[in-house]
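Have a look at the structure below before the remarks.
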Amino acid sequence: MDLEQHLARLGALLDTERAAETERFEDARSRLSVAQREARGILLADVEAVEEGGLAGRSLVTYARPGGRELGGSEIGVGSIITIVAKKERAFESPSGIVARRQRARLAVAFDEPPPDWATEGRVMIELQPSSATYERLSGAVRRMREARRWHPVVRAEALRFETPGPIDITHVLNPEQLAALDLADRARDVALVHGPPGTGKTTVLVEVIRRALARGESVLASAPSNLAVDNLVERLVATGIDAVRIGHPARVLPSVVEHTLDQKTAAHDQARIAADLVREALRLRSDARKRKQRRGPGRFSEAREAEREARKLLAEARELEERAELAVLEKAQVILATLTGLESRALARRTFDLAVIDEATQAVEPAVYLALLRCSRAVLAGDHRQLPPTVISPDAAPLSVSLFERLTAAQPSAMVTLAEQHRMNEKIMRYPSDVLYEGKLRAHPSVAHHAIDDAPLEMIDTAGRGFEEQTPADSESKFNEGEAGLAASEVRRLLAAGVRAQDVAVISPYDAQVQRIRQLLADVADLEVDTVDGFQGREKEAVIVSLVRSNDAGELGFVADIRRINVALTRARKKLIVIGDSATVARHPFYAGFVRYAESIGAWRSAWDR
């Protein structure tokens, strides 16, 4: 592969993707009404502040709809950049914030500075904003990779290098494939690949890779494309007694992880406490300076200038103390963690590591992985290219959806170990994805092979002939199916009546419009999760109900035809999986035809006429 051509192509694809996202937002603002933007899920048109608090030194304001109605705004999630917009035009700018928490009826927004009074008094709108910072960082990584000769063989997918095998001193119980993955990771001189199908303990291997690297005295960076995946690593590392520091905006991390963030740990440092006192004193001096200017009499301006100079001096001293405190926290940390794009944080400037561990690498566009490679001597990439690929909006930028992990897997299969023993699913739930997508190599650990809620761990409810037709909501590109939604709701209530706890059940669908409809039907069921397939990747529940939605005479499947997405849907359940779909439509695709045959062969096929 020609390196320069490959990097130039990646840069052009990033430009295309950035332009598509920008155009999408600009088009929505200029062409769509408030109601239409709300239907698209990029705007909350009628919310009000119901609670104010703090989060790691920032203002935290929680918004809700009057009467506690469900929010909507499906595109606005944790970590999204938003603006608070007045319902009536105002002369001043709309404050920006980051979504810190999201519940069915409440949305908490973190602001670096307290928002103006009007943003917390009365009705306002919340609008999603595009972020240019991500593309700037990715484009910068592509440019820097041209100079990083160390990584050129990896980018060209040439032979990856490994040391001679040696003994593995292991203190944890790992299965043969996990041990092989650990051995490969230990011997990698540049990159090792850990392929982790659903439930096979990929993160367990990564934690052990990190633990062993620390024991050898290596510095370790851990990363992933999503905040949730990074937070999962933080929790697992902390549970083993490792001192981990999470870099990132506190609004973007799980509540259980906030205490491990750089912001929170720095704030607790003695020098940072002194800095906080200096900031308070500086603010007092500035307030005095403003008051002096308003008084009458000689000398008031010179006194105000002196107070302002002293305030600036105190603020500069405070910044220096804060930087020292931050440096002390980072120097003490055994492992530093951040999202891939978060690695461009000022806190990590010029900092390099012996080892970078990248989880869910198959969900990252290739330039995002460069951001980690450019900071390390060697790396371990983990993921599953049979599950969801990186999200790419523009069809013209589709090649970006091929991750570096997937590219290296095809070019260097000997540099990868596939984990095979899964600890999640009943054997009957596991079998079809294993046979079709993993060459039949997955095996269920004895502890999960036969665990079940009832005597039917898998059920395929076929709606063919019931007239459950798909629909497209007005001003939306999504789909919903009223009949399937009702059937899914009744299946949830059936499970609850059988004694299954609501928090152990999830309903998922490829389409957000279907998710919203099912949430409405089950609004009275507390602790029940209803989400899109994409939003549920990496998660699991005791029982999962999947609504496929598509039902049409033309046999059109849209992105339901993306088998990687459906692989995620079929592998989230531990003890009970119910799949609802119209075989007359979906079984025109070979994957679904095979699934229907498999369900029939084990007595798991049901007709919706019988429910």
Side-chain angles (χ1 to χ4, degrees), residues 1-3 6-7 10 141 145 148-168 170 174-197 200-210 212-213 216 218 220-225 340 353-387 389-390 401-421 437-439 441-442 564:
M1 172 190 295
D2 182 276
L3 178 74
H6 179 66
L7 294 177
L10 285 178
M145 187 56 82
R149 300 181 63 86
R150 161 79 182 84
W151 291 107
H152 288 177
V154 172
V155 175
R156 289 195 296 259
E158 296 174 357
L160 303 180
R161 302 169 301 162
F162 296 89
E163 303 286 358
T164 303
I168 296 182
I170 193 75
L174 299 180
N175 60 50
E177 293 84 9
Q178 288 175 322
L179 285 171
L182 183 59
D183 173 60
L184 193 75
D186 280 351
R187 295 189 293 109
R189 293 175 60 189
D190 32 44
V191 170
L193 307 173
V194 179
H195 178 207
T200 53
K202 165 174 57 67
T203 306
T204 298
V205 171
L206 295 186
V207 169
E208 186 61 23
V209 167
I210 292 170
R212 288 172 59 79
R216 293 191 296 266
E218 296 182 47
V220 180
L221 173 70
S223 190
L340 288 166
F353 301 82
D354 297 316
L355 172 68
V357 171
I358 307 169
D359 199 3
E360 305 297 357
T362 49
Q363 292 183 50
V365 294
E366 185 168 326
V369 176
Y370 292 174
L371 291 169
L373 296 184
L374 289 164
R375 290 186 177 274
C376 70
S377 300
R378 63 189 190 91
V380 175
L381 277 57
D384 180 10
H385 50 293
R386 302 297 186 188
Q387 296 188 61
S401 66
V402 179
S403 66
L404 178 62
F405 185 105
E406 185 173 0
R407 206 160 58 77
L408 291 176
T409 295
Q412 303 289 332
S414 63
M416 181 184 73
V417 169
T418 297
L419 307 181
E421 186 171 81
L437 298 173
Y438 301 107
E439 300 176 336
K441 292 180 179 179
L442 295 189
R564 291 171 297 186

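Residue numbers start at 1 and run along the sequence shown.
For the side-chain contact (heavy atoms from CB on, under 4.5 Å) test with Leu404, the passing option among Leu373, Val155, Val191, Ile358 is Leu373; the others fail.
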Quick one: do Val209 and Arg212 satisfy side-chain contact (heavy atoms from CB on, under 4.5 Å)? Show the steps, please. CA-CA 5 Å; Val209 167; Arg212 288 172 59 79; over 6 Å; no
Please step through side-chain contact (heavy atoms from CB on, under 4.5 Å) for the pair His6 and Leu10, ending with a clear verdict. CA-CA 6 Å; His6 179 66; Leu10 285 178; 3.6 Å; yes
Walk me through it: do Lys202 and Glu360 pass the test side-chain contact (heavy atoms from CB on, under 4.5 Å)? CA-CA 9 Å; Lys202 165 174 57 67; Glu360 305 297 357; 3.4 Å; yes
Verify side-chain contact (heavy atoms from CB on, under 4.5 Å) between Tyr438 and Thr200, making sure each step is shown before the conclusion. CA-CA 12 Å; Tyr438 301 107; Thr200 53; over 6 Å; no
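Glu163 and Arg378 are not joined by a salt bridge, as no carboxylate oxygen comes within less than 4.0 angstrom of a charged side-chain nitrogen. Taking the charged nitrogens against the carboxylate oxygens, Asp354 and Arg216 have no contact shorter than 4.0 Å, which rules out a salt bridge.
In plain terms, the two heavy atoms of Trp151 and Leu374 that are nearest each other are NE1-N, 4.4 Å. Annotation for Ala372 and Ala356: closest pair O-CB, 4.3 Å, computed over non-hydrogen atoms. Taking all atoms of both residues into account, the shortest heavy-atom contact from Asp384 to Pro197 is OD2-CA, 3.6 Å. Annotation for Ala157 and Arg407: closest pair CB-NH1, 3.9 Å, computed over non-hydrogen atoms. Between Thr362 and Ser403, the shortest heavy-atom contact is CA-OG, 3.7 Å. The heavy-atom pair separating Leu371 from Ala141 by the smallest distance is CD2-CB, 3.6 Å.
Side-chain atoms of Gln412 come within 3.5 Å of backbone atoms of Glu158 as a donor-acceptor pair (strictly under, hydrogens ignored). Of the possible donor and acceptor atoms, one in the side chain of Arg150 sits under 3.5 Å from a partner among the backbone N and O of Ser377. Under a 3.5 Å cut-off, the side chain of Asp190 and the backbone N or O of Arg161 do form a donor-acceptor pair.
To the nearest 0.5 angstrom, Leu381 atom CG is 13.0 Å from Glu406 atom CD. Leu206 CG to Leu182 CG: the interatomic distance, rounded to the nearest 0.5 Å, is 10.0 Å. Between the CG atom in Leu160 and the CZ atom in Arg187 there is a gap of 12.0 Å [rounded to 0.5 Å]. Atom OG of residue Ser223 and atom CZ of residue Arg375 lie 10.5 Å apart, to the nearest 0.5 angstrom. Here OG1 of Thr204 is found 7.5 Å from CG of Leu174. Values are rounded to the nearest 0.5 Å.
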Which pairs would a plain distance check flag for residues 413-420, meaning a side-chain donor or acceptor within less than 3.5 Å of a matching protein atom at least two apart in sequence or in another chain?
unit_1	atom_1	unit_2	atom_2	d
Thr418	OG1	His195	ND1	3.1

